[in-house]
Amino acid sequence: MPAHTDTRPARCGRPATRLQRERADELFDLLSSLLRDAADPDADTAALLRAADRAFEALHRHLSRGGALPQPWRDARH
């Protein structure tokens with residue numbers, strides 16, 4: 001699969017960098033994983049949800065500072 005080259009400008013008017021895209025994907029993947037793990041009946045749900053809250057906050061800060069959208073969200077923008 002070829003590397004995604006998002007040439008659309010970020011909110012700040014500049015194209016997103018590879019590092020911004022990678023960071024967004026890392027944060028999205030972490031949040032998604034934590035939420036999936038919380039569905040396990042044997043999981044420590046409270047601890048996982050606290051960790052998911054921290055991951056969501058990190059993703060929110062990234063986006064609020066003009067960072068790139070995570071890949072699944074970029075793909076859904078069509």
Side-chain angles (χ1 to χ4, degrees):
M1 177 177 205
H4 181 74
T5 54
D6 188 356
T7 58
R8 291 175 289 216
R11 291 188 314 156
C12 61
R14 295 183 308 242
T17 66
R18 180 182 55 82
L19 291 176
Q20 285 178 328
R21 291 189 304 269
E22 287 175 0
R23 179 67 178 150
D25 291 344
E26 288 169 6
L27 293 169
F28 179 87
D29 291 345
L30 174 61
L31 176 58
S32 298
S33 175
L34 290 165
L35 292 174
R36 276 191 306 274
D37 291 349
D40 181 345
D42 297 325
D44 181 353
T45 307
L48 285 169
L49 291 178
R50 283 191 299 274
D53 184 54
R54 289 189 299 272
F56 180 82
E57 181 60 33
L59 179 57
H60 180 261
R61 279 192 312 271
H62 169 81
L63 295 172
S64 296
R65 293 178 182 151
L69 292 172
Q71 183 69 45
W73 296 355
R74 289 192 306 268
D75 291 345
R77 288 181 66 188
H78 313 134

Please collect all ring-ring contact (aromatic ring centres under 6.0 Å, His included) contacts where either partner lies in residues 30-54, sequence neighbours excluded, each pair once.
-> none

Scan residues 34-63 for pairs that pass salt bridge (charged side-chain N to carboxylate O under 4.0 Å, His left out), counting only residues two or more places apart or in two chains.
-> Glu57-Arg61

In chain order, what residues pass the side-chain hydrogen bond (donor to acceptor under 3.5 Å, both in side chains) check against Arg18, with sequence neighbours excluded?
-> Glu22

For residues 23-32, which residue pairs qualify under salt bridge (charged side-chain N to carboxylate O under 4.0 Å, His left out), counting only residues two or more places apart or in two chains?
-> Arg23-Glu26, Asp25-Arg74

Kindly give the heavy-atom pair with the smallest separation between Ala38 and Leu49, and that separation in Å.
-> CB-CD2, 4.2 Å

Flag side-chain contact, heavy atom, 4.5 Å: Pro70 against Leu31 | no

In short, ring-ring contact (aromatic ring centres under 6.0 Å, His included) pairs touching residues 33-52 with sequence neighbours left out are none

Which pair of non-hydrogen atoms, one from Gly67 and one from Gln20, has the smallest distance, and what is that distance?
-> CA-NE2, 4.2 Å

Can you hop from Leu27 to Leu69 via hydrophobic side chains spaced under 4.5 Å?
-> yes

Can you list every pair that meets ring-ring contact (aromatic ring centres under 6.0 Å, His included) and has a residue in residues 36-76, with sequence neighbours left out?
-> Phe28-Trp73

For Leu35 and Ala52, which heavy atoms make the closest approach, and how far apart are they?
-> CD2-CB, 3.9 Å

